[in-house]
Amino acid sequence: MRFLHLIKPVMCILPEVKSPERNVQFKERMMWTIITLLIFLVCCQIPLYGIRSNNSADPFYWMRVILASNRGTLMELGISPIVTSGMVMQLLAGSKIIQVDQSNKEDRALFQGAQKLCGLLITIGEALAYVMSGMYGDVKELGAGNSTLIILQLFFAGVIVLVLDELLTKGYGLGSGISLFIATNICENIIWKAFSPTTINTGRGTEFEGAIIAMFHMLVTRSDKARALHEAFYRQNLPNIFNLLATVFVFIIVIYFQGFRVDLPVKYERYRGHTGSYPIKLFYTSNIPIILQTALVSNLYFFSQLLHKRYPTNILVKLLGKWQEQDGGRGGQSVPVSGLAYYVSPPTSLAEILFDPFHAVFYLAFILITCALFSITWIEVSGSSPKDVAKQLRDQQMVIKGFREKSVIKVLNRYIPIAAAFGGMCIGALTVVADFMGAIGSGTGILLAVTIIFQYFEMFQKERGSDSMSFFA
């Protein structure tokens, strides 16, 4: 019996959004996208009932923005369970451990069901781990009732995220819920770091957290304008103008690279004179490598912190990662100081790179290799490999100009694997550059935000050509 057939008995109880039976107009899709976003933002502000205030370290502190999560709220886990389940199932399918025929409708439905089930199980597992680790207070103080209630809240929040994501991907909205939530969280973080009116006592006096507000405040209140401007650009431990400029610079560079592509001329076999082009972009797999790499690292951080808290003297746990509270950190932030978790985390400053160059080199190699491998793996499991594209062209009775039908796959093999691997490495390299420059929200976050926003821009352009755009009229 195949693995997917074991999913059949539980398919009836898994949450599902029915595919639309008609073409959903752009106005309606915009409405559902906005409603989805509002539901997500509201859930980000609803606190979990039954938790106790504590100063425990946050296992997802480094990944909060990227995973669209908010500590102590219904969106505590964010999109982590969905992304992790997707990564696991796609890798199992790509490595042929699970046999899936993507051309078979039943297999596709069962595979999606298995992915949902895996996501829900991961949600329960992470919720249990959060409660048992003492993140919401000592389990004995919480009691069995409160502990169970917290787990149920996190589980139902996970179901909400899953349904909202499926609502958009099924065609009722624009893009996917995962992309929408990530972009919203990252852009919200950047705007907050630029214009936050929160005041913080740094030891040098009270300063505003927002970089732009802090700059104007320093220029107005301090007599030495040159020194005030220098501090606004390069102040430590708080967002500064240089961080903001680095963020804008990375935005521009990524948008520039989005335009790199190779257009293969194609023609119809039946109709003479009808020609077109098949574009192969440099970022062939878009932001998928970074999303998968983020899921991998976030899970490593999560389990490393939990194990370090329980078994701090175990040598294997130390090899996985040793953590300590960040001096002056707010909200119980902790940082890896040794082990694998330390070496896969980005250096926080140029001084840290000079102090530990091996860390910087290891981090660069890790990002480039994992992004390239995830990108190559993704084209095989997502139906965008040379073999799949050749089949799509053949089904549409199209061939590449100057080549016979049998030679199409050879031509595609020259471009697609290279675009996937090199594009994945470029995404990784841009992430590293953004991290080293100190861009707000981390390099990974900036890359995700830009690629997602660019995808939505392309969607709007496409809809503009096929719809009246009456929503904005």
Side-chain angles (χ1 to χ4, degrees), residues 90 174-176 178-179 182-183 248-269 274-293 367-405 407-434 443-444 446-466:
Q90 294 287 4
L174 298 170
S176 71
I178 291 175
S179 296
I182 291 174
V248 174
F249 174 75
V250 173
F251 260 84
I252 294 170
I253 292 296
V254 176
I255 290 171
Y256 175 72
F257 274 104
Q258 288 279 3
F260 280 46
R261 67 182 192 181
V262 173
D263 289 316
L264 297 180
V266 295
K267 65 178 182 179
Y268 286 92
E269 288 183 308
H274 286 264
T275 59
S277 63
Y278 184 84
I280 299 176
K281 295 183 178 181
L282 173 62
F283 295 158
Y284 186 71
T285 51
S286 187
N287 54 23
I288 294 298
I290 284 292
I291 291 178
L292 295 177
Q293 187 266 343
I367 291 289
L368 296 182
I369 293 170
T370 52
C371 284
L373 289 177
F374 276 133
S375 188
I376 292 170
T377 304
W378 185 256
I379 66 171
E380 296 297 332
V381 301
S382 64
S384 53
S385 67
K387 183 180 177 181
D388 297 315
V389 173
K391 184 178 182 300
Q392 292 168 16
L393 292 175
R394 186 168 62 251
D395 291 342
Q396 297 175 28
Q397 297 183 341
M398 299 176 74
V399 293
I400 298 174
K401 272 187 176 182
F403 296 91
R404 296 181 180 180
E405 185 180 329
S407 304
V408 168
I409 192 168
K410 292 182 179 179
V411 177
L412 293 173
N413 272 321
R414 295 179 195 169
Y415 295 98
I416 291 178
I418 295 173
F422 186 65
M425 292 182 71
C426 285
I427 285 280
L430 287 169
T431 300
V432 174
V433 169
T444 302
I446 299 300
L447 263 292
L448 285 174
V450 178
T451 51
I452 291 168
I453 290 169
F454 193 80
Q455 285 172 6
Y456 272 95
F457 173 75
E458 288 184 326
M459 284 181 209
F460 280 114
Q461 291 295 99
K462 186 178 179 181
E463 292 291 343
R464 189 188 292 273
S466 61

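As the structure is a computational prediction, the values presented were derived from the model and not from experiment.
- Counting heavy atoms from C-beta outward, V432 and L368 have side chains that stay 4.5 Å or more apart.
- Counting only heavy atoms from C-beta outward, the side chains of F422 and L282 approach each other to under 4.5 Å.
- At most 12 non-hydrogen atoms from other residues, nucleotides or ligands lie less than 6.0 angstrom from CZ of F457.
- Judged as a salt bridge (Lys or Arg N to Asp or Glu O under 4.0 Å), the pairs with a partner in residues 278-287 (not counting sequence neighbours) are, in order, K281-E458.
- To the nearest 0.5 Å, atoms CD1 (I253) and CG (L430) are separated by 7.5 Å.
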Please table the atom pairs, donor to acceptor, closer than 3.5 Å between any side-chain atom in residues 385-392 and protein atoms at least two apart or in another chain.
from	atom 1	to	atom 2	distance (Å)
S385	OG	D388	N	3.4
S385	OG	D388	OD2	2.7
D388	OD2	S385	N	3.4
K391	NZ	D395	OD2	3.2
Q392	NE2	G383	O	3.3

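- Under the 4.5 Å side-chain criterion, counting only non-hydrogen atoms from C-beta, F257 is not in contact with V450.
- Screening I379, I376, V262, V411 for a side chain to side chain contact (heavy atoms under 4.5 Å, CB included) with I416, the sole residue that qualifies is I379.
- To the nearest 0.5 angstrom, T370 atom OG1 is 10.0 Å from M425 atom CE.
- With sequence neighbours left out, S375 forms a side-chain hydrogen bond (donor to acceptor under 3.5 Å, both in side chains) with T285.
- When all heavy atoms of W378 and S384 are compared, the pair lying nearest together is O-OG, 4.4 Å.
- Considering CZ of F251 and CD1 of I453, their distance stands at 4.5 Å, rounded to 0.5 Å.
- When all heavy atoms of G175 and Y456 are compared, the closest pair comes out as CA-OH, 3.9 Å.
- Here the closest non-hydrogen pair linking A183 and I452 is CB-CG2, 3.6 Å.
- For the salt bridge (charged side-chain N to carboxylate O under 4.0 Å, His left out) test, no residue two or more places apart in sequence or in another chain qualifies with K410.
- Between C426 and F283, the shortest heavy-atom distance links the atoms CB-CE2, 3.9 Å.
- Pairing each heavy atom of P289 with each of G424, the nearest pair is CG-CA, 4.4 Å.
- Here the CD1-CD1 distance, from I427 to I367, works out to 11.5 Å after rounding to the nearest 0.5 Å.
- Shown here are the side-chain contact (heavy atoms from CB on, under 4.5 Å) partners of M398, two or more places apart in sequence or in another chain: V266, Y268, L393, Q396.
- Residue-environment remark: CZ (F454) exceeds the threshold of 12 foreign heavy atoms within 6.0 Å.
- Note that OG1 of T451 is 8.5 Å distant from CD1 of I182, once rounded to the nearest 0.5 Å.
- Between the CD1 atom of I280 and the CZ atom of R414 there is a distance of 11.5 Å, given to the nearest 0.5 Å.
- Every side-chain contact (heavy atoms from CB on, under 4.5 Å) that S277 has, sequence neighbours left out, goes to D263.
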